[in-house]
Amino acid sequence: MEHEPLPSEGHAEVRIVAATPEVARRVAEVLRRCFASTEQRSYPAGSEGGTRLHLTLDTAHPAEPARSWLSTSGPTEQAQAHADEV
């Protein structure tokens with residue numbers, strides 16, 4: 001199985017899957033208030049009519065409230081993928 005290339009240093013690729021485009025946009029808006037980001041790209045997500053939204057975040061320049069959260073958070077014991085993630 002091939003993996004997508006990693007984003008450049010200081011960036012994160014975010015995928016949001018929601019039942020409606022409005023819900024996906026609301027989540028993306030919260031992320032944009034914390035980090036600089038690219039324009040979002042949206043796609044259909046499955047036969048039930050959901051939405052998949054992609055954006056790239058610049059994590060090297062976080063804004064509040066992400067800055068304060070990142071400065072106090074540490075790595076987790078062991079990051080585990082969800083059952084449906086590779």
Side-chain angles (χ1 to χ4, degrees):
M1 174 178 283
E2 285 190 41
H3 295 281
E4 292 183 31
L6 293 175
S8 61
E9 183 72 27
H11 291 80
E13 292 290 326
V14 177
R15 309 287 192 258
I16 301 165
V17 180
T20 67
E22 180 57 31
V23 170
R25 281 192 292 271
R26 288 181 11 209
V27 172
E29 181 61 31
V30 170
L31 292 171
R32 277 201 233 50
R33 289 182 184 176
C34 296
F35 298 100
S37 70
T38 61
E39 278 296 312
Q40 64 193 35
R41 290 121 20 227
S42 61
Y43 309 92
S47 59
E48 289 88 35
T51 297
R52 187 172 41 132
L53 191 140
H54 297 185
L55 65 155
T56 303
L57 301 178
D58 180 354
T59 63
H61 301 96
E64 289 297 336
R67 183 178 296 136
S68 58
W69 178 83
L70 287 169
S71 66
T72 59
S73 68
T76 59
E77 292 274 328
Q78 200 174 38
Q80 294 183 359
H82 291 266
D84 62 346
E85 294 177 327
V86 180

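Because the structure is a prediction, the values reported are computed rather than measured. Values below: all heavy atoms of this structure, side chains included; hydrogens, waters and symmetry mates excluded.
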Side chain proximity check, L31 to I16, heavy atoms < 4.5 angstrom: yes
Contacts of type side chain to side chain contact (heavy atoms under 4.5 Å, CB included), residue [X], not counting sequence neighbours:
X: P21; result: R25, T51
X: R26; result: E22
X: A45; result: V17, R52

Neighbour count >12 (heavy atoms, 6.0 Å) for atom CD, E39: no
Side chain to side chain donor-acceptor pair (under 3.5 Å) partners of [X], counting only residues at least two apart:
X: T38; result: R41
X: R32; result: Q40
X: T56; result: E13

Minimum heavy-atom distance between P7 and A12, given as atom pair plus value: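 Scanning both residues completely, I find the closest heavy atoms to be CG-CA, 4.2 Å.
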Of T59, D58, V14, the residue whose pairing with F35 passes side chain to side chain contact (heavy atoms under 4.5 Å, CB included): T59
Spatial distance of atom NE2 (H11) from atom CG (L55) [nearest 0.5 Å]: 11.5 Å
